Amino acid sequence: MGKSKSWVRWLIPGFIFQSVVIGGGYGTGAEIQQYFLTQGFVGGILGSIVTLVIWSLLCAVTFEFARTFKTFDYQSMMSKLLGKGAIAYEICYIILLLIVLGVINATAESMFADLTGLPGWIGIAILSVGIVALIIAGTDAIEKALSYWSYALYAVYIVFMIMCFTKFGSNIAEQWSAHEVNSSWFLMGAKYSFYNLGIVPALLYTMRDVETRKEAVGQGLIAGAIGVIPAILLLICEAGCMPGTLTAEVPVTAIFAVLQCKPLYIAFEIVLFGTLIETGTGFIKAVDDRIELALDKRGGSKPTWVRPAIAVVSVIIGIGVAKLGLTGLIAQGYGTICWGFLLIFVVPMVTIGIYKISKSGKSA
């Protein structure tokens with residue numbers, strides 16, 4: 001990468017991280033509602049700061065671990081970190097993959113039907129084709145798509161927030177002045193961060209060009225901030241439209257019902273639909289990389305049909321999982337899996353991982 005573009009390298013891991021975690025929760029506002037808004041507006045802000053700190057610190061340590069030991073896929077990283085215990089991470093990751101695919105399919109169905117009035121299955125079909133196409137296109141195409149789409153996402157989010165401040169400014173100020181902070185704000189912020197951190201080892205292909213500890217740690221700290229900023233922006237917008245957003249299954253739809261701005265709603269839905277494709281692509285790519293690595297270690301080459309087969313089978317399974325319902329998937333599935341990632345990834349990385357980094361002597 002040329003010197004004039006060097007600053008972009010510091011942002012790309014964050015954009016990739018954001019694109020994968022944003023998925024159904026940011027797209028509908030459901031995760032922000034359940035993990036942050038329920039704690040009160042001020043409590044939600046505090047919880048999101050907890051998420052930011054944990055994301056930034058864990059991304060920094062994980063990225064440096066990957067740089068130090070040249071582990072740029074989740075299987076090799078977790079094997080280096082946990083040895084034979086790496087299988088526990090893989091089990092949790094596959095479970096999260098299924099949950100996320102279910103969420104984004106349910107979200108795509110709801111978004112498309114609400115926006116166009118056409119059957120929701122068309123939205124699922126578009127989502128599936130988009131994911132399969134990106135997976136087949138390969139790593140470079142995925143990295144570029146996930147990075148550039150983030151610019152569009154931020155642009156629409158900023159306009160959305162300005163509209164909400166204009167329309168709901170007094171209500172936002174009132175919610176802030178109320179100083180409502182529920183007792184579980186720290187726990188909810190931590191829980192939200194833990195299950196999302198479980199995907200960090202699946203995104204390590206963005207670290208392959210990192211050369212120094214400064215770069216790895218810096219990109220990790222920035223990634224945490226980039227990942228959480230849209231959540232904070234959406235939380236502010238949801239607070240302005242309370243109490244309706246506290247009970248709505250799709251809070252974003254409830255906000256736009258009050259805003260009455262059709263062009264912005266269409267732009268918002270298009271951009272967020274793209275993030276659903278990005279989320280599914282990011283999760284499935286990690287499985288594809290893991291299989292490719294296993295074949296390389298056995299001295300074989302991956303048949304050309306494997307990548308599209310993995311993508312197609314994954315999206316079909318995700319459609320089936322979506323039948324469980326969006327709210328239940330987030331509240332029950334995510335809430336349970338976060339403890340698994342805490343025990344098998346977060347805690348080992350900040351203990352065993354830091355110890356192994358310090359013993360390696362590779363600070364350059």
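What's counted below: heavy atoms across the whole structure, side chains too, no hydrogens, waters or symmetry copies. This structure is a prediction, so every number in the text was calculated from the model and none was measured.
Other residues, nucleotides and ligands place more than 12 heavy atoms under 6.0 Å from the NZ atom of Lys356. By the neighbour-count criterion of 12 heavy atoms within 6.0 Å, atom CZ of Phe186 is sparsely surrounded, having that number or fewer from other residues, nucleotides or ligands.
Looking only at atom types and distance, the side chain of Glu64 has a donor-acceptor partner in the side chain of Thr68 under 3.5 Å away. Between the side chains of Gln33 and Thr38, no donor-acceptor pair of N or O atoms lies under 3.5 Å. No hydrogens or angles considered: a donor-acceptor pair under 3.5 Å links the side chains of Ser79 and Gln75.
Between the side chain of Asp73 and the main chain of Ser76, a donor-acceptor pair closer than 3.5 Å is present.
Centroid-to-centroid, the aromatic rings of Phe345 and Phe194 stay 6.0 Å apart or farther. Checked against a 6.0 Å centroid threshold, the rings of Tyr148 and Phe15 do not count as neighbours. Under the 6.0 Å cut-off for aromatic ring centres, Phe17 and Trp55 qualify, their centroids lying closer than that. For Phe36 and Tyr192, the distance between ring centers is under 6.0 angstrom.
Note that CD of Gln39 and OG of Ser183 are 7.5 Å apart. Values are rounded to the nearest 0.5 Å.
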As a quick check of understanding, evaluate ring pair (Phe, Tyr, Trp, His ring centres under 6.0 Å) for Phe341 and Tyr93, giving each step before the final call. CA-CA 9 Å; Phe341 285 121; Tyr93 181 80; 7.4 Å; no
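Residues Ile284 and Ser314 share a closest heavy-atom pair of CD1-CB, 3.6 Å. Residues Val132 and Val315 share a closest heavy-atom pair of CG2-CG2, 4.4 Å. When every heavy atom of Gly189 is checked against every heavy atom of Thr51, the shortest pair comes out as O-OG1, 2.8 Å. Between Pro348 and Leu81, the closest heavy-atom pair is O-CD1, 3.7 Å. Nearest heavy-atom pair, Ile135 versus Lys285, reported as atom, atom and distance to 0.1 Å: CD1-N, 3.7 Å. Nearest approach of Pro251 to Gly29, heavy atoms of both residues: CG-O, 3.6 Å.
Residues passing the salt bridge (charged side-chain N to carboxylate O under 4.0 Å, His left out) test with Glu90, sequence neighbours excluded: Arg290.
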